[in-house]
Amino acid sequence: LEVLLENKMPRGPSLDTYAYRIHDLFIKARTFRHYPAHCSFPRLEGLTIMGRSRLPQFRTIVGPTRLHVVSPDLPSLKVLILRELQYIPDVPYRHITHLSIDNSRIETFGTLLGVLSQCTSLDRLVLFNVDIIRETPPDKNVLLPNLKLCTLGIVEHGLRLVRILYYLVF
C-alpha cells in the first residue's frame, strides 16, 4: 500500500487504522503540523518527504534543524528521499541503505555528517543541489563501510558540498 499525504490528513478512518499495511509513504507539505508523527509504520520501507517548494538561495532556517514528521519507530525503513527541505527529519537512520537529499538546505557540514554517521548500512548516497549554509568544519570523519555509490550533483551556489568528500571514508 502506498499513501500520499498532502496538506491535510485524509477524511474517514484515521491513518493509524492502515499504518501496518503501508510500505511506501510520500509526504508533501507546506507545513508539517498535520502529519502522522504519532503513527507507527512497522512495514514502511520507503519514505519520501517533500517540503514547500524549491528553496531560493536567500531563505534562512528558522527554528530547530531536526524535524519530527513520523514516528521514529520504523524498523523496516530502507529508502529515505528528502526533497526541498530545510530540516532533517528525525527518523532511525541505522538501517537505511539508500539516502537521497535534493534541492535542500542544511545548516552545517556537521549536521549532514551527523546524519550520515548514523547510516551504518548505507549503500547508496545521492546529494543533489544541497546547499550548506555555514561552513563550520566537522569534528571527525564519517565511516561508511557499505557505500557502493556516492553521487554529488553540484550547482554553482552549492559548491561547498564538494568538501563533503574530505570527511567521508568508504
Side-chain angles (χ1 to χ4, degrees), residues 1-3 19-28 32 35-37 39-51 54-55 61 64-170:
L1 180 62
E2 293 184 23
V3 176
Y20 73 95
R21 296 177 55 198
I22 298 173
H23 290 270
D24 291 292
L25 183 62
F26 181 97
I27 299 174
K28 180 178 181 183
F32 289 99
Y35 292 95
C39 286
S40 178
F41 298 96
R43 295 185 179 158
L44 189 68
E45 295 175 3
L47 176 61
T48 300
I49 302 173
M50 186 170 180
R54 295 202 183 274
L55 297 171
I61 286 182
T65 57
R66 297 290 283 220
L67 182 66
H68 189 67
V69 179
V70 295
S71 166
D73 181 25
L74 302 171
S76 301
L77 188 63
K78 301 280 186 230
V79 178
L80 180 62
I81 300 169
L82 307 174
R83 292 194 169 129
E84 301 172 3
L85 293 180
Q86 292 179 313
Y87 307 106
I88 300 293
D90 190 15
V91 298
Y93 288 92
R94 71 183 169 280
H95 298 298
I96 290 177
T97 58
H98 296 70
L99 175 62
S100 176
I101 304 174
D102 67 73
N103 292 312
S104 297
R105 300 191 81 190
I106 297 176
E107 189 174 0
T108 65
F109 277 116
T111 302
L112 179 56
L113 291 171
V115 167
L116 293 177
S117 70
Q118 297 175 51
C119 297
T120 54
S121 301
L122 196 62
D123 177 286
R124 298 179 190 276
L125 173 64
V126 177
L127 300 171
F128 177 77
N129 195 19
V130 174
D131 188 19
I132 305 295
I133 297 171
R134 287 185 285 141
E135 256 188 271
T136 310
D139 297 336
K140 59 184 177 179
N141 291 345
V142 172
L143 178 63
L144 299 172
N146 300 313
L147 194 66
K148 294 181 177 86
L149 175 71
C150 178
T151 304
L152 299 180
I154 299 171
V155 294
E156 187 176 329
H157 73 273
L159 287 175
R160 291 180 186 152
L161 184 61
V162 78
R163 293 194 183 124
I164 195 167
L165 294 174
Y166 294 117
Y167 304 108
L168 296 180
V169 178
F170 36 90

Flag the pair [X] / [Y] as yes when at least one side-chain heavy-atom distance between them is below 4.5 Å, and no otherwise.
{"X": "Leu74", "Y": "Phe41", "result": "yes"}
{"X": "Ile27", "Y": "Leu47", "result": "yes"}
{"X": "Thr151", "Y": "Phe128", "result": "no"}
{"X": "Asn146", "Y": "Thr97", "result": "no"}
{"X": "Leu112", "Y": "Leu127", "result": "yes"}
{"X": "Arg83", "Y": "Asn103", "result": "no"}

Leu77 and Ile96: CA distance, side-chain angles, deciding distance, side chain to side chain contact (heavy atoms under 4.5 Å, CB included) verdict: CA-CA 6 Å; Leu77 188 63; Ile96 290 177; 4.2 Å; yes
Return the [atom1] to [atom2] distance between [X] and [Y], rounded to the nearest 0.5 Å.
{"X": "Leu144", "Y": "Arg124", "atom1": "CG", "atom2": "CZ", "value": "14.0 Å"}
{"X": "Asp131", "Y": "Asn129", "atom1": "CG", "atom2": "CG", "value": "7.5 Å"}
{"X": "Ser121", "Y": "Leu147", "atom1": "OG", "atom2": "CG", "value": "12.0 Å"}
{"X": "Thr111", "Y": "Ile106", "atom1": "OG1", "atom2": "CD1", "value": "7.5 Å"}
{"X": "Leu165", "Y": "Cys150", "atom1": "CG", "atom2": "SG", "value": "6.0 Å"}

Minimum heavy-atom distance [X]-[Y], with the two atoms named:
{"X": "Val130", "Y": "Ile101", "value": "CG2-O, 3.4 Å"}
{"X": "Ile133", "Y": "Arg105", "value": "CG1-NH2, 3.7 Å"}
{"X": "Leu116", "Y": "Ile164", "value": "CD1-CD1, 3.9 Å"}

Has [X] got a side-chain atom pairing as donor or acceptor with [Y]'s backbone, closer than 3.5 angstrom?
{"X": "Ser104", "Y": "Asp102", "result": "yes"}
{"X": "Asp123", "Y": "Leu149", "result": "no"}
{"X": "Ser76", "Y": "Glu45", "result": "no"}

Which residues share a side-chain contact (heavy atoms from CB on, under 4.5 Å) with Tyr20, sequence neighbours left out: Pro42, Arg43
Residue pair Leu125, Phe170: steps toward the side chain to side chain contact (heavy atoms under 4.5 Å, CB included) verdict: CA-CA 12 Å; Leu125 173 64; Phe170 36 90; over 6 Å; no
Derivation of the side chain to side chain contact (heavy atoms under 4.5 Å, CB included) call for His95 and Lys78: CA-CA 6 Å; His95 298 298; Lys78 301 280 186 230; 4.1 Å; yes
Verdict with supporting geometry, Thr48 and Phe26, side chain to side chain contact (heavy atoms under 4.5 Å, CB included): CA-CA 5 Å; Thr48 300; Phe26 181 97; 3.5 Å; yes
